[in-house]
There are 2 protein chains.
Amino acid sequence: MVSQAEENYLKAIFKISEKEVKAASTNAIAAEMQTTAASVTDMLKRLAEKNLIDYEKYRGVQLTAEGNRVATVLIRKHRLWEVFLVDHLGFAWDEVHDLAEQLEHVQGNALIERLDRFLGHPKFDPHGDPIPDAEGRWTLRPQALLATLKPGDRGVVTGVEDHSPAFLQYLDQMGLSLGAEIELLERFPYDQSVRVRTQAGREVSLSEKVGQNLYVKIS
Amino acid sequence: MVSQAEENYLKAIFKISEKEVKAASTNAIAAEMQTTAASVTDMLKRLAEKNLIDYEKYRGVQLTAEGNRVATVLIRKHRLWEVFLVDHLGFAWDEVHDLAEQLEHVQGNALIERLDRFLGHPKFDPHGDPIPDAEGRWTLRPQALLATLKPGDRGVVTGVEDHSPAFLQYLDQMGLSLGAEIELLERFPYDQSVRVRTQAGREVSLSEKVGQNLYVKIS
DNA sequence: TAATTTTTTTAGATTAATCTAAATTTTATA
DNA sequence: TATAAAATTTAGATTAATCTAAAAAAATTA
Ligand SMILES: [Mn+2]
Ligand SMILES: [Mn+2]
Ligand SMILES: [Mn+2]
Ligand SMILES: [Mn+2]
């Protein structure tokens with residue numbers, strides 16, 4: 001048995017390992033989990049004991065194959081529930097994360113596979129993040145940060161780096177929800193801000209911060 | 001905040017109080033929760049401290065208005081999730097209870113109200129049990145135990161007293177799922193068993209035990 | 001390389017939820 | 001009503017998960 005707390009730690013380690021090649025550090029895990037380094041050390045011992053991570057004192061941790069499997073299933077559940085909440089219950093994409101954090105811990109293989117079928121085996125969640133399939137395989141999508149586009153480039157909004165409700169709501173206001181077609185009109189070297197034409201022919205100005213947090217598939 | 005364990009105790013007390021007029025006893029709660037009397041006493045102190053129950057040592061307990069509200073919301077959530085699992089994910093009625101036991105603890109008012117709307121504000125769950133509305137009001141249904149029917153009586157299966165998968169599967173086999181129309185043909189005084197004509201014109205013999213656990217609305 | 005800073009671990013508590021065994025109170029019975 | 005039986009509570013532990021403060025190790029910098 002893997003407790004909810006243990007599952008959450010495994011997911012945190014997975015997310016850190018996605019970005020960093022090296023082993024996940026105690027402090028990085030503490031930051032991700034919003035807890036103290038001491039609590040993390042306690043938990044790492046327990047996870048190592050259960051062979052869910054490889055842990056050497058002072059050296060950071062890596063998921064074992066089994067730890068990776070548990071984390072992947074958890075992310076699959078989280079993202080499938082987010083699809084349900086948005087597509088079927090009518091929640092906005094900025095409202096579903098905390099609910100999915102709870103729903104992802106509901107146990108039951110049949111549940112998640114039936115939910116997946118009900119939803120039509122979606123490949124991406126409401127934030128554009130890929131949903132691993134029942135065998136843990138990921139769909140990769142060629143996408144680029146808005147910050148890397150050049151004037152004249154056109155594309156479709158496919159995802160976000162920042163998942164905060166504030167950013168998601170801002171995107172809605174700007175007409176930059178998932179699937180929106182955009183064209184980069186101009187980039188200002190002074191502050192790396194850009195002018196963008198959105199779907200409705202509307203022109204908006206976006207800061208570098210937005211450029212670093214918005215993914216686009218160039219067409 | 002009310003923990004999951006506390007919620008489960010409140011629901012257990014609610015269910016005992018439904019059947020017995022007097023205060024729920026420590027032992028009755030222990031039996032319902034499948035735990036020890038000592039654990040129950042510990043928990044009763046905590047629930048009393050939070051004003052969720054009225055508790056006098058050695059005298060049993062009763063829910064306060066607030067405790068009753070929490071228990072009612074929990075039952076509402078449990079039964080709405082059961083409807084979702086059966087009507088939309090295709091689970092059988094004998095497969096959903098344990099999943100609903102987990103889903104009922106997911107927090108979020110918006111979630112349950114949106115789920116209720118998605119499901120079309122159902123009044124009864126897959127076992128025929130009433131679902132309280134958002135204000136905690138219950139729909140009562142005039143139904144009688146099969147054991148009380150007389151030869152010649154016709155009716156429709158509306159609910160079960162025993163919720164065990166074994167009983168529910170047996171009913172499916174006999175053609176006695178929820179909504180099935182039946183006619184009581186004959187009752188044998190010797191063992192109180194009955195002969196019943198089911199929907200497809202099929203005749204089946206049912207024991208007294210079945211008669212004591214199957215509800216019918218007489219037409 | 002020695003001193004300083006940062007990171008990580010350990011020590012020692014706390015809280016919720018549970019248990020077994022023993023003590024106490026209530027209820028039933030002779 | 002005394003005694004026995006049943007129900008309930010208390011005492012004392014345990015486990016998971018968390019915390020703060022202190023100690024120890026590793027990394028950085030002078
Ligand atoms: Mn999320
Ligand atoms: Mn997401
Ligand atoms: Mn149920
Ligand atoms: Mn039910």
Side-chain angles (χ1 to χ4, degrees), chain A residues 1-13 16-17 19-63 67 70-71 74 101-102 104-107, chain B residues 1-13 16-17 19-63 67 70-71 74 101-102 104-107:
Chain A
M1 289 297 86
V2 183
S3 73
Q4 292 197 190
E6 288 166 344
E7 286 186 331
N8 285 334
Y9 273 93
L10 293 173
K11 191 171 67 166
I13 295 165
I16 293 163
S17 302
K19 304 204 171 166
E20 301 270 347
V21 184
K22 58 190 179 192
S25 73
T26 301
N27 263 0
I29 298 167
E32 178 72 27
M33 294 291 297
Q34 310 212 77
T35 185
T36 63
S39 298
V40 173
T41 301
D42 278 351
M43 182 58 89
L44 294 184
K45 289 176 187 168
R46 238 170 296 138
L47 293 173
E49 188 59 43
K50 293 190 175 185
N51 289 308
L52 294 164
I53 59 172
D54 290 322
Y55 172 47
E56 265 189 287
K57 264 194 188 182
Y58 295 103
R59 296 273 100 126
V61 298
Q62 282 193 306
L63 295 177
V70 174
L74 197 68
E101 284 293 309
Q102 298 180 68
E104 70 187 7
H105 297 292
V106 174
Q107 300 291 324
Chain B
M1 288 298 84
V2 183
S3 72
Q4 291 196 191
E6 288 167 343
E7 285 186 331
N8 285 333
Y9 273 93
L10 292 174
K11 192 171 67 166
I13 296 165
I16 293 163
S17 302
K19 305 205 171 164
E20 302 270 346
V21 185
K22 58 188 178 192
S25 73
T26 299
N27 264 358
I29 298 167
E32 177 74 28
M33 294 291 298
Q34 309 212 77
T35 186
T36 63
S39 297
V40 173
T41 301
D42 278 351
M43 181 57 90
L44 295 183
K45 290 176 186 168
R46 237 170 297 140
L47 293 172
E49 187 60 41
K50 293 190 175 186
N51 289 307
L52 294 164
I53 59 171
D54 289 324
Y55 172 48
E56 267 189 287
K57 264 193 189 180
Y58 295 102
R59 295 275 99 125
V61 299
Q62 280 193 307
L63 295 177
V70 173
L74 197 67
E101 285 292 311
Q102 299 180 67
E104 70 188 5
H105 297 292
V106 174
Q107 300 294 321

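Here the structure is a predicted model, which is why all the values come from computation and not from measurement.
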Within the pair [X] and [N], is there a side-chain N or O less than 4.0 Å away from OP1 or OP2?
{"X": "A:Y55", "N": "C:dT9", "value": "yes"}
{"X": "A:T26", "N": "C:dT9", "value": "yes"}
{"X": "B:S25", "N": "D:dA7", "value": "no"}
{"X": "A:N27", "N": "C:dT6", "value": "no"}

Gap between atoms [atom1] and [atom2], on [X] and [N] respectively (whole Å):
{"X": "A:E6", "N": "D:dT15", "atom1": "CD", "atom2": "C1'", "result": "12 Å"}
{"X": "B:L47", "N": "D:dT9", "atom1": "CG", "atom2": "P", "result": "13 Å"}
{"X": "A:K50", "N": "D:dT15", "atom1": "NZ", "atom2": "C1'", "result": "11 Å"}

Test of understanding: with salt bridge (Lys or Arg N to Asp or Glu O under 4.0 Å), list the residues that count as partners of A:E7, not counting sequence neighbours.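 Counting only residues at least two positions away or on another chain, A:E7 forms no salt bridge (Lys or Arg N to Asp or Glu O under 4.0 Å).
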Partners of A:E32 by salt bridge (Lys or Arg N to Asp or Glu O under 4.0 Å), sequence neighbours excluded?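 None.
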Pair up each side-chain donor or acceptor in residues 36-45 of chain B with any protein partner under 3.5 Å, not counting sequence neighbours, and list the distances.
| residue | atom | partner | partner atom | Å |
| --- | --- | --- | --- | --- |
| B:T36 | OG1 | B:S39 | N | 3.2 |
| B:T36 | OG1 | B:S39 | OG | 3.0 |
| B:T41 | OG1 | B:A37 | O | 3.1 |

Below 3.5 Å is the cut-off: list the nitrogen or oxygen pairs between protein and nucleotides 1-3 of chain D, distance only.
none

Under 3.5 Å between N/O atoms: give me all the protein pairs with nucleotides 18-21 of chain C, atom names plus distance.
| residue | atom | partner | partner atom | Å |
| --- | --- | --- | --- | --- |
| C:dT18 | O4 | B:D42 | OD2 | 3.1 |
| C:dC19 | OP1 | B:T35 | OG1 | 3.3 |
| C:dC19 | OP2 | B:T35 | OG1 | 2.5 |
| C:dC19 | OP2 | B:T36 | OG1 | 3.3 |
| C:dC19 | OP2 | B:S39 | OG | 2.3 |
| C:dC19 | N4 | B:D42 | OD2 | 3.4 |

Under 3.5 Å, which protein N or O atoms sit close to an N or O of nucleotides 24-27 of chain D? Give each pair with its distance.
| residue | atom | partner | partner atom | Å |
| --- | --- | --- | --- | --- |
| D:dA25 | O4' | A:Y58 | OH | 3.3 |
| D:dA26 | O3' | A:R59 | NH2 | 3.4 |

